[in-house]
Number of protein chains: 2
Amino acid sequence: MTETPAPRPLRADARRNVDALLEAARTVFGTSGVDAPAKEIADLAGVGVGTLYRHFPLRSDLVKAVFQRGVDACADAAPALSAAHEPGAALAEWLLRYTEFLATKRGLASALHSGDPAFESLPGYFMGRLGPTLGTLLETARSSGEIQADVTPEDLLYAVATLSQHGVAYSGRMVALLVDGLRYRAVSGRS
Amino acid sequence: MTETPAPRPLRADARRNVDALLEAARTVFGTSGVDAPAKEIADLAGVGVGTLYRHFPLRSDLVKAVFQRGVDACADAAPALSAAHEPGAALAEWLLRYTEFLATKRGLASALHSGDPAFESLPGYFMGRLGPTLGTLLETARSSGEIQADVTPEDLLYAVATLSQHGVAYSGRMVALLVDGLRYRAVSGRS
DNA sequence: GAACTATACGGAAAAGCTTTCCGCTTAAGC
DNA sequence: GCTTAAGCGGAAAGCTTTTCCGTATAGTTC
């Protein structure tokens, strides 16, 4: 369907600048928050604002790109974890990795659900990339008998993401509570 | 300590305008999001932007005020609920009321944790007002034997607030999971 | 390896939003 | 009704994002 009509190799310096911008943005977002002036990012990347806006027409496009990079890295980490640990441990390890990733995104994660239409596509990307990843981990753990309840990957992903906004220590406690809920799900027959 | 040095009765038209602004802001935030231009709010309230900024020097002050109004209303609802229902039911009813309140705040609730220093004081107010409220409900329910685990009001309050950002249906499911966790807390002796 | 051309760059200008300022209006007290 | 100080409206200032365009340069051709 949506095939690439004109792939355009993208010039070498352009590619370098895009990378520098992404890296600079990640840093600046981490220190000054997602609302930091675009100029600050361009300066750190060593380019003009014009270049920034050439590659990311809207400020929010840059925010999205940085977020997606992080999501990709997180998803890519799963197979290795899954191969190196038992199902239950792999799930736990990955959730930890996921939590740590989210911890660096503070304002970013909240912007995701701020109602701003610019970020509407993010949850979809997030889900499409991480949903299957966690889904596999979860199903494997359930098959091995370590998990009782059936929670959807989507629900759990969202829950941990949102909970993480309040700090690592806090999210650790609440995620533990959620996992307890998964293990000892009420047997009183509620759907 | 912090006694009112000069209470200043506040002129009648001023009081009326503050109220109109608060009401207009609540509406506009609900429809256009918390980032709606200040002009839009001033127009709906039928005043000039100067008036808006006289009463709320920073844009964020208006956001804070609207949020606090909602928090107050929610806290004030507890005693009546507590008097009209059994401990467990009162807790459930209040959490529902609380969830519904949060549902109307979308972007507002996320702004709360966006890292913006302007909103730093909000969690404190939020906690000071709602913490004791939920604390009482929770302790009463625990005394009645309906709840096993000891979760702090703070943790639960935050958890539900954050979870609610994803929609009423979703938060309903996740809150149920949390409550199951409270009832059937793991006995494996983890601190 | 020099010339050519389309791509990309930088930063100045435009547009939009928040916040400030100040002359005019009006509520409150006498 | 007159006085006066609180309060009002909207124009102007200050910042940020976003656009524009003349200039520079990677990639290609001879």
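Per chain, numbering begins at 1; letters A, B, ... match sequence-line order. All values derive from a computational prediction rather than experimental measurement.
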With a 4.0 Å cut-off on N to O distance, would you call B/E23 and B/R26 a salt bridge?
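Result for this pair is yes, salt bridge flagged.
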For the student: nearest non-hydrogen atoms of A/P87 and A/S144, plus distance:
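Shortest heavy-atom separation between A/P87 and A/S144 comes out as CB-OG, 4.1 Å.
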Short N/O separations, protein against nucleotides 26-30 of chain D, under 3.5 angstrom:
from, atom 1, to, atom 2, distance (Å)
D/dA26, O4', A/R11, NE, 3.4
D/dG27, OP1, A/A12, N, 3.2

Taking atom [atom1] of [X] as the centre, report whether more than 12 heavy atoms of other residues, nucleotides or ligands fall under 6.0 Å from it.
X	atom1	value
B/E40	CD	yes
A/E154	CD	yes
B/R15	CZ	no

I need the residues from residues 19-27 of chain B with at least one non-hydrogen atom less than 4.0 Å from DNA chain D; give them sorted by number, or say none.
none
Going hydrophobic residue to hydrophobic residue with side-chain gaps under 4.5 angstrom, can you get from B/L96 over to B/L130?
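As far as the 4.5 Å side-chain criterion goes, B/L130 and B/L96 are not connected within one cluster.
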Is A/L58 reachable from A/V47 through a run of I, L, V, M, F, W or Y residues, each pair having side-chain heavy atoms under 4.5 Å apart?
no
Nearest whole angstrom, please: distance from the [atom2] of [N] to the [atom1] of [X].
X	N	atom1	atom2	value
B/L52	D/dG7	CG	P	15 Å
A/R15	C/dC9	CZ	P	13 Å
A/I41	D/dT16	CD1	C1'	12 Å

So if I define the base as every atom that isn't primed, P, OP1 or OP2, how would nucleotides 10-22 of chain C read as a B/S/- string at a heavy-atom cutoff under 4.0 Å?
BBB-----SBB--
Checking B/Y53 against B/D61: is there a side-chain donor and acceptor pair closer than 3.5 Å?
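Note: B/D61 and B/Y53 side chains miss the donor-acceptor criterion.
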side-chain contact (heavy atoms from CB on, under 4.5 Å) evaluation trace for B/L134 with B/Y98:
CA-CA 10 Å; B/L134 178 57; B/Y98 176 55; over 6 Å; no
Are any of A/H55's side-chain N or O atoms less than 4.0 Å away from OP1 or OP2 of C/dC9?
yes
Look at the aromatic rings of B/F67 and B/F101 and report parallel, tilted or perpendicular, splitting at 30° and 60°.
tilted
